[in-house]
Every structure is written in structure tokens, then in C-alpha cells.
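What follows is a set of notes on a single structure, which appears directly below.
Any value given below was found using the heavy atoms of this structure, including those in side chains, with hydrogens, waters and symmetry copies removed.
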Amino acid sequence: MSATVSFQVPSPGGPRSVTLSYARVGRGEPLLLLHGIGHHRQAWDPVLDILATERDVIAVDLPGFGASPALPEGLPHNLPTITAALGALCEALELDRPHVAGNSLGGLLALELGRAELVRSVTALAPAGFWSQAERRYAFTLLLSMRRIARGMPQPMVRRLSRSVAGRAALTSTIYARPGRRSPEAVVAETQALANATGFTETLRAGNTVRFTDDVAGLPVTVAWGTKDRVLIRRQGVRAKQIIPRARLIRLPGCGHVPMNDDPALVARVILDGSSNAS
């Protein structure tokens with residue numbers, strides 16, 4: 001089910017080759033799924049089978065995360081470059097304006113793809129970029145702490161902790177409101193993904209000056225926020241609604257920052273509904 005694709009992305013020094021890893025499953029209109037910083041495409045596994053009954057689903061490892069290598073020299077891990085790379089990915093896979101859904105960093109990228117008119121609908125789950133400076137500093141401090149712990153923890157300890165509900169909570173309760181629902185194997189894999197993410201530092205550094213301030217006009221936009229999000233506080237969703245006034249703003253009761261695991265049925269329905277009326 002997993003594959004890789006390579007394509008060219010422009011840079012000041014000439015085109016550079018970018019390779020991304022992805023999984024593709026299902027049938028219907030194409031739907032691109034984008035994960036958050038430090039995560040990998042398997043973050044979408046809880047909703048993948050539901051989405052695949054109605055959509056041709058393409059879950060991508062962003063550059064420098066999961067199985068995708070970091071961007072080559074000459075391509076910075078910033079918002080314009082990664083947005084351009086995702087546009088080139090769509091061309092390489094012959095995706096004609098797919099629907100897109102993203103979480104956290106992936107939600108911000110989904111909105112950027114919408115602003116660039118490269119997609120036909122956007123569903124953003126707790127998207128980055130609607131923070132105050134204090135909220136951004138808080139979130140980045142939290143993410144850096146999670147990364148430091150993941151890199152410093154011996155693998156036997158990670159595996160041992162993953163076997164109990166309390167251990168999975170210790171490892172993942174920052175991003176999940178219901179960490180006990182995550183499988184031990186998934187917790188081990190995502191802890192390794194966070195520790196090994198070659199694009200983490202540069203991507204986070206590029207986010208220091210990022211704020212999303214433009215409307216996304218002409219296509220359906222859904223913004224959804226978990227009521228128990230501990231990384232990006234849910235009042236940021238109100239700001240998103242102010243900036244994108246025609247967007248649907250949806251509460252995800254009992255969900256944390258990565259809601260796909262906390263309530264797969266609800267999140268899948270939000271994504272399918274958000275992409276059902278797009279042309």
C-alpha cells in the first residue's frame with residue numbers, strides 16, 4: 001500500500017528533486033491527508049478505512065517526517081516551499097484539485113493549498129497559524145519537550161510503557177485526549193517517528209514567523225477543533241472563523257490535538273461532509 005514518488009521543485013539554484021512517501025487506498029474523489037509536525041502518515045490510520053469507502057485517499061509523509069527524506073539542499077522547510085512541493089506531488093500523482101484534510105501543521109498546509117487554489121475543499125483539524133505569540137511559544141515549547149523526551153528514551157523503555165494504558169498516556173497524552181485507544185505498536189512507531197524526524201528542527205524554526213491572515217475564498221472550508229486540545233488552544237478556532245468567515249467551525253467533543261484517534265467516526269464524518277459539496 002505504501003509507495004514513493006519523486007518530482008522536481010523549483011529553487012533559486014535550479015530545480016531540486018524531492019521524494020515523498022505515501023499510502024493510497026480507496027475509491028472516489030481524491031482526498032489528500034497531511035499530518036502534523038513530528039508525526040507521520042499513520043496518524044490517519046484510525047480514519048483511513050472509513051474515508052476509503054467514499055474517497056481515493058492519499059496519506060503523505062511530509063518532507064523530513066515518517067519515511068520521507070528531508071528536502072534537499074537549496075529547499076528550505078518553510079511554508080511556501082512545502083506548499084509548492086505538495087502542489088508538485090499532486091501533479092506527479094495526477095490528482096486534479098483533490099480534497100485535502102490536514103491536522104496541525106498539515107491543517108495550515110491544507111489552508112495554504114486552498115489559498116493557492118490547488119484543491120477543491122479544505123478540512124483543517126486544529127490548524128497551526130492562528131495563534132498569538134504567547135500561544136505559539138507555549139506550543140513550540142511543548143513540542144520541543146516531546147521531541148527531547150522521545151529522543152532521550154531508550155527503545156526498550158518505550159516498548160515497555162506502550163504495553164499499558166498508563167504508559168501510553170505518559171507517552172502520548174499531550175496529543176491524545178484518549179491515549180488508551182492508541183495501540184501499543186502505534187505508540188512505539190510514532191515515538192520513533194518523532195525522535196527520528198529529520199525535518200523537525202528546521203520546520204519548527206520556520207514556523208516562528210508564521211501566521212495565517214488571509215481568507216480562503218471560493219471553496220468549502222471546514223475548521224474543526226478538539227475541546228481537549230492541549231497543544232493549540234481551541235479559542236484559536238474562533239480566530240480562524242474570523243479570518244475565514246465562510247468556514248464551518250466545528251467542535252470535536254472530548255478530542256485532543258490529534259483527534260483522529262480520539263473519535264475516528266466523528267472525524268471521518270467531518271472530513272467526508274466537508275468534501276461532499278465541492279465542485
Side-chain angles (χ1 to χ4, degrees), residues 7-11 18 20 22 29-37 44 55 58-60 62-63 65 71 75-133 135-136 139 199 202-225 232 235-250 270-279:
F7 46 84
Q8 298 292 307
V9 175
S11 82
V18 172
L20 293 182
Y22 69 97
E29 294 183 347
L31 168 65
L32 185 66
L33 300 179
L34 308 175
H35 62 77
I37 189 169
W44 297 99
R55 299 285 182 269
I58 304 97
V60 180
L62 293 172
F65 299 99
L71 293 173
L75 290 178
H77 283 254
N78 59 19
L79 208 52
T81 303
I82 297 176
T83 302
L86 292 172
L89 167 76
C90 291
E91 286 189 23
L93 296 181
E94 298 183 343
L95 305 177
D96 181 21
R97 293 184 70 235
H99 304 285
V100 62
N103 173 224
S104 195
L105 167 63
L108 172 61
L109 289 165
L111 290 166
E112 286 288 335
L113 289 169
R115 203 161 60 89
E117 301 181 347
L118 295 173
V119 294
R120 66 183 77 180
S121 76
V122 174
T123 303
L125 309 174
F130 296 99
W131 43 45
S132 66
Q133 281 299 329
E135 290 162 353
R136 183 196 60 75
E202 192 176 344
T203 302
L204 194 68
R205 187 183 301 122
N208 280 327
T209 57
V210 167
R211 291 193 70 182
F212 197 89
T213 57
D214 296 330
D215 192 6
V216 180
L219 72 160
V221 175
T222 300
V223 176
W225 230 283
L232 297 179
R235 63 173 172 250
Q236 295 171 36
V238 178
R239 293 192 199 117
K241 174 68 173 172
Q242 292 167 344
I243 291 167
I244 312 169
R246 294 189 178 183
R248 294 191 310 158
L249 178 59
I250 295 177
V270 167
I271 294 171
L272 290 172
D273 286 351
S275 60
S276 63
N277 297 317
S279 58

(request) Measure the spacing between OG1 of T81 and CD of E202 and express it to the nearest 0.5 Å. (result) 9.0 Å
(request) Please report the shortest heavy-atom distance between A240 and V223, naming the atom on each side. (result) CB-CG1, 4.1 Å
(request) Report the residues that fulfil salt bridge (charged side-chain N to carboxylate O under 4.0 Å, His left out) with R235, sequence neighbours left out, ordered by chain and then residue number. (result) E135
(message) For a 4.5 angstrom cut-off between non-hydrogen side-chain atoms, does L32 reach Y22?
(response) no
(message) In the structure I gave you, are the side-chain heavy atoms of L105 and T203 within less than 4.5 Å of one another anywhere?
(response) yes
(request) Decide yes or no for V238 and Q242: does some side-chain heavy atom of the first lie under 4.5 Å from some side-chain heavy atom of the second? (result) yes
(request) Sequence neighbours left out, what passes side chain to side chain donor-acceptor pair (under 3.5 Å) with W44? Give chain and number order. (result) none
(request) Could you tell me the separation between the CZ atom of F212 and the CG atom of L79, rounded to the nearest 0.5 Å? (result) 8.5 Å
(request) Return each pair, listed once, that meets side-chain hydrogen bond (donor to acceptor under 3.5 Å, both in side chains) where at least one residue sits in residues 100-110; pairs must be two or more places apart or across chains. (result) S104-H257
(request) Starting at CG of L20, measure out to CD1 of I58 and round the result to the nearest 0.5 Å. (result) 13.0 Å
(message) Using every non-hydrogen atom in the two residues, find where V9 and A85 come nearest and quote the distance to one decimal.
(response) CG2-CA, 3.9 Å
(request) Over 60° means perpendicular and under 30° means parallel, so classify the ring planes of F130 and W225, tilted if in between. (result) perpendicular
(request) Could you list the residues that satisfy salt bridge (charged side-chain N to carboxylate O under 4.0 Å, His left out) with E117, not counting sequence neighbours? (result) none
(message) Among H99, R55, E29, R120, which residue satisfies the side chain to side chain donor-acceptor pair (under 3.5 Å) criterion with S275?
(response) R55
(message) Holding to side chain to side chain contact (heavy atoms under 4.5 Å, CB included), I want the full list of residues that pass it with P10, two or more places apart in sequence or in another chain.
(response) none
(request) Starting at OG of S121, measure out to CD1 of I271 and round the result to the nearest 0.5 Å. (result) 10.0 Å
(request) Would you mind reporting whether L86 and L62 have side-chain heavy atoms less than 4.5 Å apart? (result) yes
(message) Under the rule for side chain to side chain contact (heavy atoms under 4.5 Å, CB included), what residues qualify as partners of A116, not counting sequence neighbours?
(response) L118
(request) Work out which heavy atom in G114 is nearest to a heavy atom in V216; give both atom names and the distance. (result) C-CG1, 3.8 Å
(request) Provide the closest heavy-atom pair for A224 versus V270 in the form atom of the first, atom of the second, distance. (result) CB-CG1, 4.3 Å
(request) With rounding to the nearest 0.5 Å, note down the distance linking CG in N78 to CG in N208. (result) 12.5 Å
(request) Kindly write out the residues that satisfy side chain to side chain donor-acceptor pair (under 3.5 Å) with T83, not counting sequence neighbours, or none if the list is empty. (result) none
(request) Under the side chain to side chain contact (heavy atoms under 4.5 Å, CB included) rule, collect the residues that match up with A110, sequence neighbours excluded. (result) V100, V122
(message) To check you understand the geometry: which heavy-atom pair defines the closest contact between A126 and L232, and what is its length?
(response) O-CD1, 3.5 Å
(request) Heavy atoms only: give me the nearest P63-I82 pair and the separation to one decimal. (result) CD-CG2, 4.3 Å
(request) With sequence neighbours excluded, tell me which residues meet side chain to side chain donor-acceptor pair (under 3.5 Å) with R248. (result) T222
(request) Tell me yes or no: between the side chains of R239 and Q236, is some donor less than 3.5 Å from an acceptor? (result) no
(request) Scan residues 209-221 for pairs that pass salt bridge (charged side-chain N to carboxylate O under 4.0 Å, His left out), counting only residues two or more places apart or in two chains. (result) R115-D214
(message) Test of understanding: with side chain to side chain contact (heavy atoms under 4.5 Å, CB included), list the residues that count as partners of D96, not counting sequence neighbours.
(response) none
(request) Report the residues that fulfil ring-ring contact (aromatic ring centres under 6.0 Å, His included) with F7, sequence neighbours left out, ordered by chain and then residue number. (result) none
(request) Using a 4.5 Å cut-off on heavy atoms from C-beta on, say whether the side chain of L71 contacts that of P76. (result) no
